[in-house]
Amino acid sequence: MRFTLNLSVMAAAAGLLGACAGTSSVAIVPTAVVHYDRQGCPTQPDLGAALSLTPEKEKAAHTVTTPVRAGSGCLTWAGKATPYVVYALPADVEDKTFDVGASLESQRIFAPEVTVLDGQGAPTRTFARDQFLYRGGVYSVQFRARPGDAYVLVTAAPELVGKAYESIAIGTTTTTAYTGAGSASWTVGNDSAQSRTFSYEGVAQVSVFDSDTKEAAKKPG
Amino acid sequence: MHKVLVAAGLAVSLSACASTYVGKPYDRAAANVQSIGIADDALPEKATASEVASVGSNFGLVGALANAAIQQSREKAINDALAGAGFDAEARLEQRVITSLDAQGYRAKVEQNAVRQKRVYLASYNSAGDKPDAYLDIVVTNYGYLSAGVGQPWRPTVAATVRLVSASDSSKVLMENQIVYNGMYPQKGVITLSANPEYAFLDREDMLADPARLAGGIEDALNKVADTAVGLLR
């Protein structure tokens, strides 16, 4: 009985942690895709297919993650073929901060290039490589939109694909031993080298942070 | 019959539930800042040397007391070694920030302010001579060395909050962010800098054996934090 109870508690805790981290069990760990040879890609993104960054109701943080695959939409951008995702910015951007880039996967990172577009799809702003930073589990650039900005385009950066991001992860692991007489915990430190390769495939991620979620209620009409 | 069950790793992902920190990105074109005053007293007086999962930390109150004594002794030895090497973390950081700002086309100088009572932003800023367009306030909340636990290497660590404030209106924050170099668990939204593998020490004796290298590790970490902070002002 005790054994069953402990198992239940562990299962619930593991499920909770999984939910927090937003992960699910995956049998195959995706690896980097370092070649992309699509031909005849259009030179303009399909703005009609833009993914909305407007949440159903105003909230402080709204994150959209999009798998990018070799078979996803393709674009000829800066003279090179690249997979892409285009997002439509919310109509009211004044109070919002955008964080645009790629999620860190266990072995790879989609190599993001970010371009802000106006309503006609013309570039209004690009970001230098050193403006991209690791923020927790995301490799991204952060910005506030300017008047006239309407879309954000995420393409692959060919010069980044194939390069490695080497990092050192430190943390602790706690082991708990349950016996009929009680339980005891022991915590040990972890220090491990990690390596991820920038890839043509991966997960693009955009977060929209709203500093004024009461705005809609304040607006007349 | 005792039934034994071992559960490992449940604590590992708890930080995933924490809310996301949201920085304030800088818009250089809109800010029109040419000159920057750097608030002084950026660093705590002493470096730390923390072993997170120490033996003592696993033995309740008695272990915690023993651990505190060991840590105090270790930190004194580390700070003595850094002083013996002539290492002035504050001066090195300030010089790096000035150099980095200069490289980005800003006029920069350090401004003397009142000593910080806590490791938080200053409430107001002073300037000697011409008033700059904005003040860069870098608050290092912790720096030194960190080991994840017994038997794990000691690596430099730095945690800082940074902001740029308009000199004409101190309530106008032009940029704000948090930067962590070699922290425990990446925090959502916080700029995460990985440790430089060149600076890893086996234990206390290894750290104290070469004070110049010990200081070099901290300087390298502070340089990366300074460069990242200034990089936010591109």
Requested in this report: Please state whether the side chain, the backbone, both or neither of Ser211(A) comes within less than 4.5 Å of a heavy atom of chain B.
Outcome: neither

Requested in this report: Give, as side chain, backbone, both or neither, the part of Ile179(B) having an atom under 4.5 angstrom from any heavy atom of chain A.
Outcome: neither

Query raised in the report: Considering only heavy atoms, which portion of Asn182(B) lies under 4.5 Å from any heavy atom of chain A: side chain, backbone, both, or neither?
Result: both

Query raised in the report: Which class fits the ring pair Tyr26(B) and Tyr106(B): parallel under 30°, tilted 30 to 60°, perpendicular over 60°?
Result: tilted

Report summary line: In terms of heavy-atom pairs under 4.5 Å with chain A, the winner among Arg234(B), Gln187(B), Gln178(B) is Arg234(B)

Query raised in the report: For Thr48(B) and Asn142(B), what are the C-alpha separation, side-chain angles and deciding distance, and is it a side-chain hydrogen bond (donor to acceptor under 3.5 Å, both in side chains)?
Result: CA-CA 7 Å; Thr48(B) 58; Asn142(B) 177 58; 2.7 Å; yes

**Report entry** Other residues, nucleotides, ligands: >12 heavy atoms within 6.0 Å of Lys59(A) NZ
**Finding:** yes

Query raised in the report: If you draw the axis of the six-membered ring of Tyr21(B), does the NZ or CZ of Arg135(A) fall within 45° of it and under 6.0 Å from the ring centre?
Result: no

**Report entry** Options Gly137(A), Ser167(A), Ala184(A), Ser140(A), ranked by heavy-atom pairs under 4.5 Å with chain B, top entry
**Finding:** Ser167(A)

Query raised in the report: In terms of heavy-atom proximity below 4.5 Å to chain B, should Val188(A) be classed as side chain, backbone, both, or neither?
Result: backbone

Requested in this report: Among Ala30(B), Gly149(B), Pro153(B), single out the residue with the greatest number of heavy-atom pairs under 4.5 Å to chain A.
Outcome: Pro153(B)

Report summary line: Turns out that what part of Ser57(B) lies under 4.5 Å from chain A's heavy atoms comes down to neither

Report task. Sort Leu193(B) into side chain, backbone, both or neither according to what part of it lies under 4.5 angstrom from a heavy atom of chain A. Result -> neither

Query raised in the report: Salt bridge between Glu75(B) and Arg204(B), side-chain N to carboxylate O under 4.0 Å?
Result: no

Report task. Examine whether an atom of Asp99(A) lies under 4.5 Å from a heavy atom of chain B, and if so say whether it belongs to the side chain, the backbone or both; otherwise answer neither. Result -> neither

Report summary line: Bottom line for Leu133(A): the part with an atom under 4.5 Å from chain B's heavy atoms is side chain

Report summary line: Pair count under 4.5 Å, heavy atoms only, with chain B: among Trp186(A), Phe209(A), Tyr165(A), highest is Trp186(A)

Query raised in the report: Does NZ or CZ of Arg129(A) lie under 6.0 Å from the centre of the six-membered ring of Phe132(A), at an angle within 45° of the ring axis?
Result: yes

Query raised in the report: Any chance the side chains of Thr63(A) and Gln205(A) put a donor and an acceptor closer than 3.5 Å?
Result: no

**Report entry** Pairs of heavy atoms under 4.5 Å with chain A: top-ranked of Lys24(B), Gln152(B), Glu51(B)
**Finding:** Gln152(B)

Query raised in the report: Heavy-atom distance under 4.5 Å to chain A: side chain of Val52(B), backbone, both or neither?
Result: side chain

Query - Atom pair OG1/NZ of Thr155(A) and Lys80(A) - distance to nearest 0.5 Å - result: 11.5 Å

Query - Pair Asp149(A) + Arg125(A), salt bridge at N-O below 4.0 Å - result: yes

